Every structure is written in C-alpha cells, then in structure tokens.
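Inspection log for the structure reproduced underneath, given as structure tokens.
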Amino acid sequence: MTMKKLLYLIAISLVIIGCKNTKTSEGEYVSQAPSFDEDSAYTYIAEQCAFGPRTMNSVAHDSCGDYIAEKFRGYGAKIYDQYADGELYDGTPIKMRNIIASFNPDAPTRLIISGHWDSRPWADHDSDEERHHTPIDGANDGGSSIGIMIEIARQLMIDANTKGDSALFRLNPDLGIDFICWDAEDCGTPAFAEDAKSGESTWCLGSQYWSGVRHVERYTARYAINLDMVGGNQTVFYREGYSMNYAPTIVDKVWGAAHRIGYGKYFSYDDNGGYVTDDHLQVNRGGIPCIDVIGTDAMSGGFPSTWHTVNDNIKNINRETLKAVGQTMLEVIWTEQ
Ligand code: AHN
Ligand code: ZN
C-alpha cells in the first residue's frame, strides 16, 4: 500500500469513527441526523384524516386524540394530557385536550416542537358557498404538523434502540424534547359569522390555555418551533413577522439548518413581512421564544390554496414538503448543544 493510500484510509476512518466529524474530505457538510421518512409521516397524516374531521366535541376528534397519544407513547414518549374547558366565538362550550409527548422528560434543557391537531369545523374559504359550513379534513392544516412530529418521535426511538452510547440523549443527557399537540387552534370565528365576536382571541384556544397553565409546574423550554401547514404542494416558508420580533435567532437557526442540508429552496430569506396569528404567538406571550414555520403558497404568496376549503385532504399532501421540514427539524435537534 502506498503512503498516499494509507493516509487516505486513515482520513476516511476518522470521518467514520469520529461522530464529531461533520465534513467529508471534500469539505462537504455531512449531517449526523437520521433520515426522516416522508412516507411514514404521510401515513400518520392519512391515519388522522381517516377518523374524519377532528372538529371540537366530535367523536372523530376524541378518537384521533387517543390515536396521537398512543403513537407517541409507542415510540417511547411520556404523555401528559392537558384537559380544559373552552368556549367558541358564539359561546358554545368545548372540551379541549392538549397532548404533550416528552422525550427524556427529566432533562433540564428542553426544546418544543408543536402544531395543532384539531381541524376546522367550516370550509369557510371554499370557492363554493354551499360548502362553507362543511368541516374539513385538515390534512395539511393540522394533520401535517402532527404527522411530522410522530415521525421524528419514531426516529428518536430507533436512535435510542440502535445507537447505544452514541444515541442522541446519551450523548446529550441534559437535552429533552417535548412535542406539543395543541387543540382548538382552528375554530376561530368563521368568515360567514357576521356580527359575531371575532378577532385573535377566538383562535388558538389550546395554546392560550397552556401559556397560562403549563402541563408541568414551572415548566419552561429553551425555545419552541411551531409547525403549521407543512405538507402542501408548491409550499414555501418565509420568515414570519412575530417569529422575527420574538425569536430571530431561532429563525436563523432553523433557516440555516435547512440551507446547510440542501432544503434552501423551501426556506426563503425573501422578506415578505407577514404576521400570522398562530399558536406561536401564545407561546411567546407565555415567555418562551417560539417561531412559526407556516406554509405559504409559492404562487399566490398567501395561505395555501386549499386553506380552509374541502380540498385540504390527503390527496393534496406533498411528500417532498414533508421531507424538507422533517429533515430540517431533525438537523436542528441533532445540532443542539
Ligand atoms: C388566522 O386566520 C387568524 N390565523 C391563521 C392561523 C391558522 C389557521 N393556521 C392554520 N389555520
Ligand atoms: Zn386553519
């Protein structure tokens, strides 16, 4: 063997052995994160949709809540259920359930990944007025965030079971992750309800409740990333206004991670300056820096074209978008110190 070959072999071995090595001999970045399986995430979305629309006080809602909790539990999470009473814009009482799935629950440094699991009771932005009172499947608006979160949980379980001493939580015992599934995000005042109470307080009821009453006393987290409409077609993510005001370094971290691993085309640095009333706002008001990764339609620049229409169903879920977001989340987790 020539000296050159020997040195080459040593260099390659160092790359393979050293888990701190993140560059190939060509200087290319190599992520240490596991590979996010978008087909698996897609299945979790289809399974949620199969219950029917997860609207407040419905059987489908309650059954799907059990399904979500069982999925996370099966992948090793400790489940906290936060049940609470709430009220719709018109005074209708609702039963809410925030589902918190914790990995490494006793670790002091915590990250939150969140998204809402309820679906909208009204397709009030459908092109057909006859359908404005029809509940929606919410495959993208609701299902997609939860599907991605369950798949990340599955990857955490695989990692813990196969990597021995190099598993994430053994390398980093002080780090814990909480997946928070918000209830009652999407029952804000419908467009057709004239003269009704409206405004931001009718949205995000589950996260509003949690921001006042935590699932664990004195709970806090280093930061939070909320996912919303993360599985649509022709989707792009812009840096959202409240996220930039409250948590610009977290925006940089997530957008930086996406660009580092090759998903830059999904995470745009163009400034569109939009502010969205979403669950992340409640988390920020509760004192934890939180960003919103929320899908925008690349063509219109507005919410996805299926938004609050009956077309927000499993047929319009895009696996590449799921992969871009899910892999970026894994990269963020795996590079957290
Ligand atoms: C409002 O329409 C007020 N907020 C958008 C938040 C949302 C609804 N995300 C999904 N559905
Ligand atoms: Zn919605």
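Whatever order the structure lists them in is the order used to number ligands and atoms, beginning at 1. Quick caveat, the model's predicted, so the values are computed rather than measured. Computed from heavy atoms alone, side chains included, the values below leave out hydrogens, waters and symmetry copies.
Of the N or O atoms in Trp203, none lie within a sub-3.5 Å distance of an N or O in ligand 1.
A salt bridge is absent between Lys315 and Asp137; no separation between the charged side-chain nitrogens and carboxylate oxygens falls under 4.0 Å. No salt bridge links Asp141 with Arg120; every basic N to acidic carboxylate O contact stays at or beyond 4.0 Å.
Looking only at heavy atoms of the protein, atom 10 (C) of ligand 1 is closest to Asp141 OD1, 3.0 Å. In this structure, atom 9 (N) of ligand 1 lies nearest to the protein heavy atom Asp228 OD2, 2.7 Å. Looking at atom 7 (C) of ligand 1, its nearest protein heavy atom turns out to be Glu185 OE2, 3.1 Å. Nearest non-hydrogen protein atom to atom 8 (C) of ligand 1 is Asp186 OD1, 3.2 Å. For atom 6 (C) of ligand 1, the nearest protein heavy atom (residue, atom name, distance) is Thr277 O, 3.1 Å.
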Donor-acceptor contacts, no H, no angles, side chain residues 193-201, under 3.5 Å, sequence neighbours left out:
residue, atom, partner, partner atom, Å
Glu200, OE2, Arg285, NH1, 2.7
Glu200, OE2, Arg285, NH2, 3.1

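Around the Zn ion (ligand 2), protein N, O or S atoms at a distance under 2.8 Å total 4; waters are neither shown nor counted.
Ligand 1 is never approached by Arg120 to a heavy-atom distance shorter than 4.0 Å. Within the structure, ligand 1 lacks Glu200 among the residues with a heavy atom less than 4.0 angstrom away.
Legend: residues meeting salt bridge (Lys or Arg N to Asp or Glu O under 4.0 Å) with Lys95, ordered by chain and number and at least two apart, are Asp85. By the side-chain hydrogen bond (donor to acceptor under 3.5 Å, both in side chains) test, Asn98 pairs with Gln82, sequence neighbours left out.
Under the 3.5 Å distance criterion, the side-chain polar atoms of Gln327 are matched with a main-chain donor or acceptor of Pro34.
For the pair Arg214 and Tyr219, the cation-pi criterion (under 6.0 Å, within 45° of the ring axis) is not fulfilled.
With Trp182 as reference, Asn226 is the one residue of Asp118, Asp228, Asn226 to meet the side-chain hydrogen bond (donor to acceptor under 3.5 Å, both in side chains) rule.
Remark: aromatic rings of His125 and Trp307 are close, center separation under 6.0 Å.
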